[in-house]
Structures are given as structure tokens and as C-alpha cells.
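Structure first, commentary second.
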Amino acid sequence: MDRDEPDMNTALMVDGNAVAGQLEQIFGRDMTMTIARCAGCARDAQLGALMAFIRGPGVVLRCPACQNAIARIVETPSAIYLEARGAAYLRMAPQG
Amino acid sequence: MVQPVLEWQAGRVTAIRPETRQTKSFTFALPKWMAHRPGQHYDVRLTAPDGYQTQRSYSIASPPERLREIELTVERIPDGEVSPYLHDVLMQGDELEVRGPIGGYFVWDVRLGGPLLLVGGGSGVVPLMAMLRHRAAQHSTVPTRMLYSSRSAEDVIYHDELNGMAAANDGFEAFYTFTRQPPAGWTGYRRRIDAAMLAEVIKPFDKRARVYVCGPTLLVEAVANALVEMELPIEQIRTERFGPTGV
Amino acid sequence: MAGLISRGFLGRRRPAEVENRLPPGQYLVTDFPVLSAGPTPHTPLERWSFTVEGLVGSPVTWSWEEFQKLPTQTYTVDISCVTKWTKLDTRWLGVSIDTLLKAVQVDPAGRYVMAYSDGGYTTNLPLEEMVNGQAFVAYQFDDKPLDPVHGGPARLVVPHLYFWKSAKWIRGLRFMERNQPGFWESLGYHIHGDPWKEERYSGD
Ligand SMILES: Cc1cc2nc3c(=O)[nH]c(=O)nc-3n(C[C@H](O)[C@H](O)[C@H](O)COP(=O)(O)OP(=O)(O)OC[C@H]3O[C@@H](n4cnc5c(N)ncnc54)[C@H](O)[C@@H]3O)c2cc1C
Ligand SMILES: [Zn+2]
């Protein structure tokens with residue numbers, strides 16, 4: 001059990017790019033090239049390159065380097081929640 | 001420039017074409033069609049009469065040069081929820097809700113140049129095909145190699161078209177590996193993609209290669225790890241994990 | 001969220017024979033879907049432990065070996081996930097929370113519990129809904145060691161609440177004075193989560 005054997009939980013993982021539609025719906029622009037700095041390990045990654053877990057009550061985006069939860073998204077019938085306390089910041093090109 | 005808001009639209013199925021035993025291509029005419037970048041995907045949403053909804057993502061197989069319609073190629077996952085519906089129930093003339101094109105991360109177009117290494121497993125070839133179709137439509141000669149893993153020769157999606165592209169002698173070469181049943185007399189690869197295979201295929205491009213890896217998550221994991229171990233700069237590797245689709 | 005009805009798409013099923021056992025808005029499954037929020041932790045059993053802490057006289061920790069010696073019970077229960085599936089008659093072996101609490105002195109102020117897991121997952125519960133046989137820490141499913149994808153080596157099971165309360169890869173319980181939200185409860189999900197009252201989202 002020491003090794004990370006491939007399992008269904010791993011097989012269900014996708015890239016942050018797979019959540020591009022939901023992110024674009026929230027931000028009104030493509031967010032997959034936006035850089036997130038991980039608040040856990042201070043490394044940078046594009047949102048499209050984060051580890052995405054989409055088969056659960058909500059979406060969890062994790063740092064590919066340290067697995068820290070960078071952002072979470074939950075859609076309820078009346079609201080969309082986006083929490084990003086695992087990100088030190090997001091850095092994106094200005095629009096226009 | 002104001003981006004149009006991403007919204008669901010009803011795409012009408014104008015053609016359904018079998019590709020292999022397990023895959024079909026679906027053409028959708030879109031009222032709000034927008035040119036995509038090769039590698040992007042659409043989200044597809046199904047709604048049941050009781051309001052139950054579910055959605056999945058599908059890469060665009062067609063190149064942006066094809067106007068007003070898109071083509072998706074879907075592998076049928078026997079115990080899946082959405083792909084069997086698309087294969088067994090959806091018919092020409094039906095309407096399906098889609099939103100897209102989406103995702104700016106896993107994209108390539110001729111302006112990005114090469115050399116280009118495309119690595120795909122199973123239906124993971126779909127977004128890579130959009131890149132190749134776009135490359136051909138633009139008469140690009142960017143050095144491009146594709147390493148494509150399938151169970152058997154019958155499972156190779158777009159086989160004839162890929163052979164045609166390779167015969168054009170415009171800098172594109174295709175390498176196949178068969179994990180279950182190689183064709184008779186096959187002298188090429190007959191195993192899962194591994195570090196040795198990647199090293200051979202990437203050789204002429206060396207560390208300059210831009211690499212796009214797509215397919216079942218476990219395959220993409222293995223390939224991405226091997227590429228990182230080969231010390232390919234991580235910025236040059238793009239991945240698109242499909243989740244638990246056929247390996 | 002209304003959408004165009006997809007011709008011929010029936011969605012999921014509520015078979016009439018078991019309709020009365022399915023909470024509102026739930027559908028029957030016979031497989032066991034994996035709910036994923038992160039990679040599967042693989043804590044070696046030698047390093048695994050279970051701790052009860054917080055508002056207790058003094059915290060107690062069991063090693064895996066010690067935990068195995070605690071009296072167990074078998075449970076056959078229905079489970080309902082907020083993602084709308086319900087699985088009937090799931091069979092578990094585990095240690096009742098009542099058994100664990102015999103070893104600690106809970107401060108009367110400690111009326112709420114935060115269950116916490118490997119990988120950082122948390123979920124909150126009122127103590128009164130964990131006692132009297134209502135909740136257990138399971139380490140076998142269907143007579144086999146609990147598969148890591150389903151929370152092994154051990155997970156909490158609280159069958160009468162939505163399944164996100166049944167924390168996978170559990171490592172301990174922390175007693176608290178106030179009901180603080182856990183991983184999903186802090187992001188739109190219901191603080192309580194009773195499937196029969198369809199307590200899915202906060203503000204419902
Ligand atoms: C960005 C992106 C692009 C994609 N592009 C394509 C494409 O071009 N072509 C293509 O064919 N596919 C593509 N996919 C995959 C596609 O989105 C679907 O995942 C695929 O079609 C399977 O969906 P399904 O509903 O048929 O199967 P699902 O119902 O999702 O099931 C798939 C398999 O996983 C198992 N499974 C599913 N959920 C769980 C769970 N929670 N626990 C345990 N087991 C589970 C099922 O039993 C089944 O074996 C893409 C995915 C992404 C993320
Ligand atoms: Zn990190």
C-alpha cells in the first residue's frame with residue numbers, strides 16, 4: 001500500500017482544462033491559461049494544468065506539485081460557490 | 001474585444017458516421033457556431049424528462065476551417081451513462097445541448113509551430129486529429145510525429161485519413177503501437193507506451209518538442225511522468241486526461 | 001438550469017419495488033461509485049492511527065493493531081450520496097462510535113464533532129447523531145478489507161446522513177463546542193445533510 005497504485009479514484013482525475021466551461025461561465029473568459037500560485041508550496045501552475053476532481057459533490061482543483069486544494073467550485077440550484085483560499089493569487093493577462 | 005458569453009445551445013445532429021467498432025463521429029450544426037482552436041472541446045448536457053441532468057466533455061475532431069458545424073468522435077463505454085446514449089439513441093435530426101468551444105490550455109495551431117509530438121491513446125486521438133486536420137488545411141510543414149496507442153488495428157480511429165496524411169510527405173509521420181492484437185506481420189510496437197518508446201519517437205526533435213498527450217487518465221499519467229523523467233521542459237508538455245475511458 | 005429534454009434519455013431509475021427506500025430525488029445504483037475530491041492516500045497500516053481529541057478529558061489514540069482488537073459489529077445499511085445515487089443493503093464491518101466513546105471522557109460542552117481524514121478532508125456532525133448505533137468506523141466492506149478507493153483502511157459510516165458525512169480515510173474525531181462546517185459544508189452544502197428531508201444545500 002506504499003506505492004501509488006493506479007485505482008479508479010486516480011482514473012477519474014482529469015486536468016483543470018476539463019473544467020474550462022464552468023470557469024468560463026463564472027469569469028466570462030477563458031481561465032485555463034491563468035496562473036495560480038499555490039498557497040501551499042508557492043509554485044505556479046496554469047489552471048488548465050491543475051489536477052481536477054470532478055466526480056464528487058463539487059469540483060476540486062489541486063496543485064500538481066503538492067496536491068494542495070487550490071480551488072473548489074460548487075453549483076447549487078441558487079448559487080455558484082468558488083473558493084480559492086489554496087491560491088496565493090491568480091495572475092492573468094488584462095482583457096482587451 | 002468583448003468575448004461572447006459561453007452559453008448552452010441546441011446543436012442539431014446532421015450526420016452520424018461509424019469510425020471503428022467502438023467509436024462514432026457526430027456532426028452538429030450549431031446556430032451560434034464560433035471558430036475554435038484545435039484541441040478545444042465542447043461540453044454536452046443531457047436532460048431527462050424528470051429534470052435529471054448530466055454532462056460530459058468531448059473534444060472537437062473537426063478543424064476550425066470547417067464552418068458552422070463541428071464534429072465530435074465518441075467512444076462507447078459499455079457501462080457509461082452518456083456515451084451509450086450518444087451511440088445507441090441519438091439520431092440524425094435530434095437536438096443536443098452543447099456549450100463551447102472551451103479550454104485555451106490544450107490547444108495547438110500553426111502559429112505555435114513545432115516540432116510537434118502528439119501522443120494519444122484510444123479516443124485521445126480526437127483533439128490531436130483536430131490539430132492534424134488544421135495543419136493539413138493550412139498546408140503547414142511543421143515537423144510532426146504522432147505516437148498512437150490502440151488495442152488493435154481495427155480500433156485505430158481515422159486510420160485511412162492518417163495514412164493519407166502520412167503519405168503527403170509534408171513532415172508528418174505516424175507511429176502506432178498495439179496493446180492487445182497487432183496485425184499479422186506487424187513489426188512495429190506492440191506494448192503500452194513507455195519511456196523507451198517515447199525516447200525513440202521523440203529522438204529527432206529532442207528537447208525542443210512541443211508535446212500534446214491525450215487519452216485515458218492512466219495512460220496520460222504514465223506518458224507525462226516518462227516525459228518529465230526525460231527532462232523535457234514541463235512548459236512544453238500539455239495533457240488532456242479523459243478520465244476512465246477505455247485503455 | 002432547465003434544459004432541452006434529450007429525446008430518449010431516461011436518466012436514472014427509481015424502480016417501483018424499492019421506491020419507498022429511496023429518499024426524494026435519489027436514484028438506485030447497484031455498482032459502487034467512487035466520489036473523488038483528491039488522490040487516494042495510501043497510509044501504511046504501521047503509521048495509521050485513530051484519535052479522539054478536542055473537548056475530551058484526555059485524547060485517546062489507537063494504533064491499527066489496537067483498533068483491530070476493539071469489538072466490532074456488522075451493519076447492513078442503505079447509503080445515499082448527494083450526487084443522487086442510493087445503494088441499498090451495503091454490508092460493513094466496523095467499530096461503533098459508542099465503543100470508541102467508552103474510552104474517552106467527553107466534555108459536556110463538546111456537542112459537535114469534526115471528523116478528519118488523511119488528505120485533509122473534514123466533515124462535521126452533531127454528537128447526538130453519532131451515538132446509539134447511528135455511526136461506526138468501518139474497515140471491511142462485503143467481508144473484504146475496505147478498498148482504498150472507497151476509504152480504506154477505514155472510513156466513517158453515518159448511513160442516515162448524505163454520504164459525504166461518511167468520511168473516507170478517517171483518522172480521528174475532534175470534539176467541538178460549536179458546529180463548524182467541514183470541507184463541503186463550508187462551500188454550499190447543508191450543515192446537517194438528511195437525505196429524507198433532502199437537505200442538500202445550505203439555504204435550502
Ligand atoms: C476535456 C475532455 C475531452 C474529452 N473528449 C472526449 C472525446 O473526444 N471522445 C471521447 O470518447 N471521450 C472524451 N472524453 C471523455 C468523456 O468526457 C466521457 O468521460 C466518456 O465519454 C465517458 O462518459 P460516459 O458517461 O459514457 O461514462 P461514465 O458514466 O462517465 O463512466 C465511464 C466509466 O467510468 C466508470 N465510472 C464513472 N464514474 C465512476 C465513479 N464515480 N466511480 C466508479 N466508476 C465510475 C464507469 O463505470 C465506466 O466504466 C473527454 C473528457 C474530457 C475531460
Ligand atoms: Zn502546491
Side-chain angles (χ1 to χ4, degrees), chain A residues 1-16 18-19 21-23 25-26 36 38-41 43 45 47 49-87, chain C residues 1-2 25 31-48 64 80-85 118-123 145-154 162-169 181-190 193 198-204:
Chain A
M1 278 229 284
D2 263 49
R3 271 186 348 103
D4 245 15
E5 308 138 32
D7 59 39
M8 185 45 85
N9 193 35
T10 311
L12 289 166
M13 184 182 85
V14 292
D15 298 87
V19 198
Q22 212 175 5
L23 290 170
Q25 202 114 62
I26 298 170
C38 174
C41 71
R43 270 176 281 205
L47 292 185
L50 299 181
M51 303 161 80
F53 296 85
I54 60 174
R55 304 284 182 116
V59 168
V60 184
L61 296 172
R62 292 183 182 269
C63 170
C66 77
Q67 307 189 343
N68 167 47
I70 290 195
R72 296 186 290 153
I73 307 169
V74 167
E75 279 191 41
T76 77
S78 57
I80 298 174
Y81 293 74
L82 174 92
E83 179 255 25
R85 72 180 115 156
Chain C
M1 279 282 261
D31 57 346
F32 195 167
V34 176
L35 275 197
S36 64
T40 311
H42 290 280
T43 304
L45 296 180
E46 317 83 82
R47 273 193 268 133
W48 187 92
W64 179 254
S80 288
C81 177
V82 74
T83 58
K84 301 203 167 170
W85 56 262
D118 275 325
Y121 186 77
T122 56
T123 186
L146 181 57
D147 187 328
V149 303
H150 291 301
Y162 280 124
F163 209 44
W164 88 76
K165 296 283 186 184
S166 295
K168 290 193 276 198
W169 311 306
F183 189 83
W184 289 123
E185 296 86 357
S186 63
L187 205 71
Y189 281 95
H190 201 279
E198 228 181 331
E199 294 172 338
R200 295 179 195 274
Y201 307 107
S202 67
D204 275 8

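Hydrogens, waters and symmetry mates are skipped; everything else that's a heavy atom, side chains included, is used. So you know, we letter chains A, B, ... as the sequences are listed, proteins then strands, and number each from 1.
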Is chain A contacted by the side chain of Val82(C), its backbone, both, or neither, given a heavy-atom distance below 4.5 Å? side chain

Work out which heavy atom in Tyr189(C) is nearest to a heavy atom in Gly58(A); give both atom names and the distance. OH-N, 4.4 Å

Met51(A), part contacting chain C, at a heavy-atom distance under 4.5 Å: side chain

On a heavy-atom basis, which atom in Asn9(A) and which in Pro39(C) lie closest, and how many Å separate them? ND2-C, 3.5 Å

Checking Tyr162(C) against chain A: side chain, backbone, both or neither under 4.5 Å from a heavy atom? neither

Given a strict heavy-atom distance threshold of 4.5 Å, which part of Ile73(A) is in contact with chain C: side chain, backbone, both, or neither? backbone

Minimum heavy-atom distance between Val60(A) and Trp184(C), given as atom pair plus value: CG2-CH2, 3.7 Å

Sorted by chain and residue number, the ring pair (Phe, Tyr, Trp, His ring centres under 6.0 Å) partners of Phe32(C) (sequence neighbours excluded) come out as Phe141(C), His150(C)

Here the pair of heavy atoms bringing Pro57(A) nearest to Trp164(C) is CG-CB, 4.5 Å

Could you look at Arg62(A) and say if it's the side chain, the backbone, both or neither that has a heavy atom under 4.5 Å from chain C? side chain

If you tally heavy-atom pairs under 4.5 Å between each of Cys81(C), Gly38(C), Gly188(C) and chain A, the highest tally belongs to Gly38(C)

Go through the structure and list residues passing salt bridge (Lys or Arg N to Asp or Glu O under 4.0 Å) with Arg72(A), not counting sequence neighbours. Glu83(A)

How close do Val149(C) and Met8(A) get, heavy atom to heavy atom, and via which atoms? CG1-N, 3.9 Å

